[in-house]
Structure formats: structure tokens, C-alpha cells
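For the numbers below, each heavy atom of this structure counts, side chains included, while hydrogens, waters and symmetry mates do not. Numbering of residues begins at 1 and proceeds along the displayed sequence.
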Amino acid sequence: MQTYEDPATWTPEPTRPRWQLIVRFAATLLCFPVLCALWLAAAAALFVVGLFADAIAAVSNSFERGYLRFMNDTLDGIARLGSWFVTWPELRHEGDTEYYRARVDRRVAHWTTLASAPREPKKARPPVECEIPLRDYRGVGAQYVAEVALGQGWELRPSDVRKELRLWWSAASHVD
């Protein structure tokens with residue numbers, strides 16, 4: 001945590017009212033299939049346009065990079081529409097600190113296992129950065145995630161802890 005940051009942002013999020021979670025969960029059940037269909041339709045349309053744009057991309061690298069960025073932004077924007085969704089575990093465990101502690105412990109342990117795996121020849125390097133979304137730590141706060149991650153060899157990266165906590169595997173800076 002940086003000294004200039006407000007310590008209140010590192011604490012657990014307030015518990016949401018049960019009725020609000022139930023309404024959001026019901027809306028999630030209705031909107032999720034629509035969002036999936038919208039994402040698939042957009043992906044298919046962008047793919048078809050990309051086939052025709054491939055002729056231009058053969059001549060212009062900047063067009064190809066721009067189109068790929070546009071595709072990523074469009075599909076990520078559609079996926080972000082579901083950020084208000086409430087999942088079944090969230091509905092059941094809202095306010096349950098032990099559940100969120102176990103969830104954070106599992107998530108950090110998973111990333112630690114991936115990052116500490118030995119590098120295999122002719123394979124991609126293990127990930128050295130990760131993001132833990134607010135959805136995983138809302139019941140315990142970012143301070144708990146930071147403590148667990150620091151204990152397992154991670155370093156904090158600049159993050160907006162109201163959305164996610166970014167971590168960097170410090171052992172990655174050591175040369176093999």
C-alpha cells in the first residue's frame with residue numbers, strides 16, 4: 001500500500017443488502033444468456049469483417065494493429081457489461097469472511113503455483129503478473145490479499161483496489 005492511498009480502500013467492502021443481491025442474481029439469470037449471445041454475434045461479425053480487412057492488413061501493419069485493438073476493446077466492453085452480475089456463491093456467502101479468506105488463499109496459491117513452475121524449453125514463460133479481482137476479496141479487503149501475496153513472494157503493483165489488485169512475482173527478476 002502506498003502512503004498516499006486512503007487506507008479505507010484497503011478494507012472489506014460493506015455487505016450488500018440481501019434483497020439487492022437476490023434482484024441482481026435474478027437479473028443475472030435473465031441477462032447472462034443475452035450477453036453471451038451478443039458477445040458471440042459481435043465476435044462473429046468482427047471475424048467476418050476481419051476476413052475482408054485481411055487484404056488491407058497485408059499491406060498495412062498499422063491497420064492490423066488498430067483492428068486487433070478495436071476487436072479487443074469491443075469484446076472486452078461487451079464482457080464488462082456483466083460486471084454487475086451476482087453469482088450463486090456471492091449470493092450465498094455475502095458477508096462470510098472465512099469464505100472470502102479461503103477464496104483469496106486458493107487464488108493466490110494458484111497464481112503462485114503457476115509463477116513458480118520451472119521454465120520448460122520451447123514453451124512460454126510462466127506468468128509473472130496477475131490480477132485478483134474485487135469479486136474474490138470483497139469480504140476481506142485488499143489488505144488481506146496483500147498480506148497473503150507478500151507472504152508467498154509477490155510484490156504489489158499500482159492498482160485500483162476498488163476493482164482489482166495487481167501483483168508481480170518478484171522471483172521473476174532473478175536470472176535462471
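- Between the CZ atom of R24 and the CD atom of Q20 there is a distance of 5.0 Å, given to the nearest 0.5 Å.
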- Task: Given side chain to side chain contact (heavy atoms under 4.5 Å, CB included), test L35 with F85 step by step and report yes or no.
- Result: CA-CA 11 Å; L35 188 63; F85 286 177; 3.8 Å; yes
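- Checked for salt-bridge contact, E129 and R166 meet the test: a charged N lies under 4.0 Å from a carboxylate O.
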- Message: Does W84 form a side chain to side chain contact (heavy atoms under 4.5 Å, CB included) with T28? I'd like the steps, not just the answer.
- Response: CA-CA 8 Å; W84 60 269; T28 298; 4.0 Å; yes
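- When the side chains of ILVMFWY residues are joined at heavy-atom separations under 4.5 Å, either directly or via intervening members, V34 and V23 end up in two distinct hydrophobic clusters.
- Between the S159 side chain and the R157 main chain, a donor and an acceptor come within less than 3.5 Å of each other.
- Smallest separation of non-hydrogen atoms from A117 and P126: O-CG, 3.3 Å.
- Side chains of D105 and Y100: a donor-acceptor N/O pair is absent below 3.5 angstrom, by distance only.
- For Y137 against V161, the heavy-atom pair with the smallest separation is OH-O, 2.6 Å.
- Between Y67 and F63, the ring planes are parallel. Angles under 30° get that label, and only those over 60° would be called perpendicular.
- Listed by chain and number, the hydrophobic cluster partners of L51 are F47, where partners are ILVMFWY side chains within reach of under 4.5 Å, directly or through others.
- Under a hydrophobic clustering in which Ile, Leu, Val, Met, Phe, Trp and Tyr are joined whenever their side-chain heavy atoms come within less than 4.5 Å, directly or via other members, W88 and I22 fall into the same cluster.
- Residues P127 and L114 form a side-chain contact, since some pair of their non-hydrogen atoms from C-beta on lies under 4.5 Å apart.
- Note that the CH2 atom of W169 and the CD atom of E155 stand 10.5 Å from one another [nearest 0.5 Å].
- Under a hydrophobic-cluster definition in which Ile, Leu, Val, Met, Phe, Trp and Tyr are linked whenever side-chain heavy atoms come within less than 4.5 Å, directly or via other members, L165 and L150 are assigned to different clusters.
- Put simply, V145 and Y99 are part of the same group of oily side chains (I, L, V, M, F, W, Y) that touch within less than 4.5 Å, one to the next.
- The CH2 atom of W10 lies 11.5 Å from the CZ atom of R162; values are rounded to the nearest 0.5 Å.
- The distance from atom CG of L91 to atom CZ of R16, rounded to the nearest 0.5 Å, is 9.5 Å.
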- Task: Go through the steps to decide whether E13 and L134 satisfy the test side chain to side chain contact (heavy atoms under 4.5 Å, CB included), and finish with yes or no.
- Result: CA-CA 9 Å; E13 293 288 317; L134 174 64; 3.8 Å; yes
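- No more than 12 heavy atoms of other residues, nucleotides or ligands shown are found within 6.0 angstrom of CZ on F32.
- For the 3.5 Å distance criterion, the side chains of T112 and Q152 qualify, holding a donor opposite an acceptor.
- The minimum heavy-atom distance between V86 and F25, with the atom names listed, is O-CD1, 3.2 Å.
- To the nearest 0.5 Å, atoms CG (L40) and CG (L38) are separated by 9.0 Å.
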- Message: I'd like to know whether W154 forms a ring-ring contact (aromatic ring centres under 6.0 Å, His included) with W168, so could you lay out the CA-CA distance, the side-chain angles of the two residues, the decisive distance to 0.1 Å, and finally the verdict.
- Response: CA-CA 6 Å; W154 292 91; W168 182 70; 8.9 Å; no
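- The environment of CH2 in W19 is sparse: at most 12 heavy-atom neighbours from other residues, nucleotides or ligands sit within 6.0 Å.
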- Task: Go through the steps to decide whether H93 and E98 satisfy the test side chain to side chain contact (heavy atoms under 4.5 Å, CB included), and finish with yes or no.
- Result: CA-CA 9 Å; H93 297 289; E98 292 306 314; over 6 Å; no
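- Taken from CZ in R103 to CD1 in I132, the straight-line distance is 11.0 Å, to the nearest 0.5 Å.
- Contact detail for G95 and T15: the closest heavy-atom pair is CA-OG1, 4.0 Å.
- Cation-pi contact between R101 and Y144: present, with separation from the ring centre below 6.0 Å and deviation from the ring axis of at most 45°.
- Under the 4.5 Å side-chain heavy-atom criterion for Ile, Leu, Val, Met, Phe, Trp and Tyr, W39 and L68 are members of the same hydrophobic cluster.
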